[in-house]
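From a predicted model like this one, the values you see are computed outputs, not experimental measurements.
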Amino acid sequence: MSDLLQQLAQVLEQRKTADPEKSYVANLYAKGLDAILKKVGEEATETVIAAKNDDAEQLIYETADLWFHSLVLLVHKGLEPELVLKELERRFGLSGLEEKARRKD
């Protein structure tokens, strides 16, 4: 699975220099951070609505959009998806309460 994320991140990195008239992602990059953040927020909201509507197919679709736009954000900020996977791996096996308590330190 991380191979797919890495491949997608490489494509998104290439889109930084693509023509905004020909690439959706290049267009987002050209609009800047606020436009990317707006898309992440919109996709998060649509994911919540799909879940509330108990629509599994739509929930999968919207989650894919949310993950995609989150990856666009990471690449825009110069961060590799592998860093997020490493953070999830670090948390694996910790209880949520234990992990949250560690953040307060």
Check: Gln14 main-chain N/O paired with Thr17 side-chain donor or acceptor under 3.5 Å: yes
Can Lys86 and Glu89 be counted as an ion pair, charged N to O under 4.0 angstrom? no
Between Gln58 and Glu46, is there a side-chain donor-acceptor contact under 3.5 Å, judged purely by atom types and distance? no
Could you check whether atom NZ of Lys31 has more than 12 heavy atoms from other residues, nucleotides or ligands sitting under 6.0 Å from it? no
Minimum side-chain heavy-atom gap Glu80-Leu74 below 4.5 Å: no
Please round to the nearest 0.5 Å and tell me the distance separating atom OG1 of Thr47 and atom CG of Leu59. 7.0 Å
Which atom of Val40 lies closest to which atom of Ser70, heavy atoms considered: CG2-N, 4.1 Å
Answer yes or no: does atom CG of Asp54 have more than 12 heavy-atom neighbours from other residues, nucleotides or ligands under 6.0 Å? no
Do other residues, nucleotides or ligands put more than 12 heavy atoms under 6.0 Å from the CG atom of Asp34? no
Membership question, hydrophobic clusters at under 4.5 Å side-chain separation (ILVMFWY): are Phe68 and Leu85 in the same one? yes
Heavy-atom side-chain proximity of Leu73 to Leu33 below 4.5 angstrom: yes
His76 vs Tyr29 aromatic rings, parallel, tilted or perpendicular, using cut-offs 30° and 60°? parallel
Within a radius of less than 6.0 Å around OH of Tyr61, do more than 12 heavy atoms belonging to other residues, nucleotides or ligands occur? no
